[in-house]
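A short worksheet on the structure shown next.
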Amino acid sequence: MDKTINLTLKVWRQNGPREKGHFETYQVKNISVDSSFLEMLDILNEQLISENKEPVAFDHDCREGICGMCSLYINGRPHGPDDDVTTCQLHMRRFKDGDTVTIEPWRAKAFPVIKDLMVNRSAFDEIIAAGGYVSVSTGGVPDGNAIPIPKPDADEAMDAAACIGCGACVAACKNASAMLFLSAKVSQLALLPQGRVEAKRRAIAMVNKMNELGFGACTNTRACEAECPKSVSISHIARLNREFLKASFAS
Amino acid sequence: MSNFLTVNIGRKFIMSISGIFLILFLLFHMSMNMVLVFSAEGYDMICEFLGANWYALAGTLVLAAGVVIHILYATILTLQNRAARGTDRYAASNRTVTEWSSKNMYVLGLIVVLGLLLHLYNFWYNMQYAEIAYGHDGYEVPAGSKIVGDLFVQPLYVAIYLVWLAALWFHLTHGFWSAMHTIGWNNKIWLDRLKVISNIVATIIIIGFAVVPVKFLIFK
Ligand code: HEM
Ligand code: SF4
Ligand code: FES
């Protein structure tokens, strides 16, 4: 708790979805390198409030890397300079004294800015909703081993299920494509027998929804995978393509 | 199936199928060229065989359709992808490490188109087209080996062709594995393998095409 740094922050400020935004420059002093990036922004906001200025709006909730609320495009990378972590888990030790840090919201047509650094990611919820239900036999508690699932499949499904829906993949992609997110959501069900029942309908409905919402197509550039805080692999995108093409040709 | 051609994955599927078709054509074309390295007579026989007869013309039309479809969908997708980014662009330059060619497929494709136009003018116009247009007037199309040889003794043309091939190399090192991925034929293990195969395929094609101009430049 001894080392501290001073930073210049270039922060995107925007009053509403239809307002024009601009960058404001702020100075923050004596930031502990042990604090998290969001704590640093909290300090900035306290400073702004004490100066009677409007604090910077940004999304956050759990601050432990599991909810998917935090975002921020920091110095040209979604979730900042660390690999495989969310912004809430990024620490100030990754920055040097005197650095200028540029902080922007996710930018994509399908993710309009709500205010400052907050963007509306309900497009993701719409994609999930389009996926529909999974049939589950209700009744008594099922036997844990009633449906055998090979370990590699279970592992793949779990890796896909690690997606927290943060949107970094869209933010990183030059095409603002939501394919990594969608492929994770399709894979986590398509890999398991319980999810196979509605697999075709689900793949088609979710892909159509993604298109309708204005996300771009995938050029297999792999920026999504490089920036995903949960290391979701693009191999899920190959599976999504397979699921969608099979479903399309079968119907 | 109804809106297959309007959704992203459907359009990308068209890109990959047309792209693979073009790769197969390039391999076929390259093997014809290789004959010229060994025997001018053999090459001239092939040129005559693939002149203005119905099967060569049908093949040319299918090929042209493949090229047009590939470029058409490339343009649609590229515009759609730009629009998806939204109006406000990032101010900080992007620091995510990615494959360069994957982000420049359209520009690389445009270089390929320019090269293609020059190529059609240099060869196709003087060979198949000349035969279609004037063949019936008793016009003798010059031997293929002569047209090729006359062009590639000029260093400028060799240089232009090599730049063209370099653009194609970058296009294909990404294009081949990307096409497999788009079709769904990929997973964690095959991703690295396909990238290696991609580099090999691209390199074989480019060396194969470079041999002829370089041979004429050096050995006349
Ligand atoms: C000999 C010529 C060509 C060959 C063999 C070829 C091959 C390929 C292949 C295999 C792909 C991968 C498809 C996929 O990702 O699923 C591709 C992608 C692409 N090609 Fe070509 N191509 C050629 C010419 C062109 C031309 C003339 C253009 C025109 C501008 C072009 C533009 C593109 C673009 C933009 C993509 C990426 C599409 C995307 O991922 O959104 N290509 N090409
Ligand atoms: S795939 Fe990764 S980057 Fe995309 S929403 Fe899920 S967790 Fe975030
Ligand atoms: S605040 Fe929940 S993941 Fe960052």
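Quick caveat: nothing in here was measured; it's all calculated off a predicted structure.
Against chain B, the residues from residues 213-226 of chain A that qualify, each with a non-hydrogen atom under 4.5 angstrom away, are Gly214(A), Phe215(A), Gly216(A), Ala217(A), Cys218(A), Thr219(A), Asn220(A), Thr221(A), Arg222(A), Ala223(A), Ala226(A) in number order.
Judged purely by atom type and a 3.5 angstrom limit, Arg95(B) has no side-chain atom pairing as donor or acceptor with the backbone of Ile74(A). The main-chain N or O of Arg107(A) is never found under 3.5 Å from a side-chain atom of Asp88(B) such that the two would form a donor-acceptor pair.
Residue Ile183(B) comes nearest to Leu245(A) through the heavy atom pair O-CD1, 3.5 Å, listed as atom of the first residue, atom of the second, then distance. His181(B) approaches Ile237(A) most closely through the heavy-atom pair NE2-CB, 3.8 Å. Pairing each heavy atom of Gly10(B) with each of Phe244(A), the nearest pair is N-CE2, 4.1 Å. The shortest heavy-atom contact between Ala176(A) and Ala84(B) is CB-O, 3.3 Å. Between Asp159(A) and Lys188(B), the closest heavy-atom pair is OD2-NZ, 3.8 Å. Looking at every heavy atom in both residues, Asn8(B) comes nearest to Met210(A) through ND2-CE, 4.0 Å.
The shortest side-chain heavy-atom distance between Thr96(B) and Pro78(A) falls under the 4.5 Å cut-off. With contacts defined as side-chain heavy-atom distances shorter than 4.5 Å, the pair Ile9(B)/Leu240(A) qualifies.
Heavy atoms closer than 4.5 Å to chain B are found in the backbone of Pro105(A), but not in its side chain. With a 4.5 angstrom heavy-atom cutoff, Ser93(B) touches chain A only via backbone atoms. Interface remark: Ala247(A) contributes no atoms to any contact with chain B (heavy atom separation under 4.5 Å). Neither the backbone nor the side chain of Phe111(A) comes within contact range of chain B; no heavy atoms are under 4.5 Å apart. Of the two parts of Glu156(A), only the side chain, counted from C-beta on, holds a non-hydrogen atom closer than 4.5 Å to a non-hydrogen atom of chain B.
Taking the six-membered ring where tryptophan is involved, the planes of Tyr73(A) and Tyr90(B) are essentially parallel, since the angle between them stays under 30° and well short of 60°.
Other residues, nucleotides and ligands place no more than 12 heavy atoms under 6.0 Å from the OH atom of Tyr129(B).
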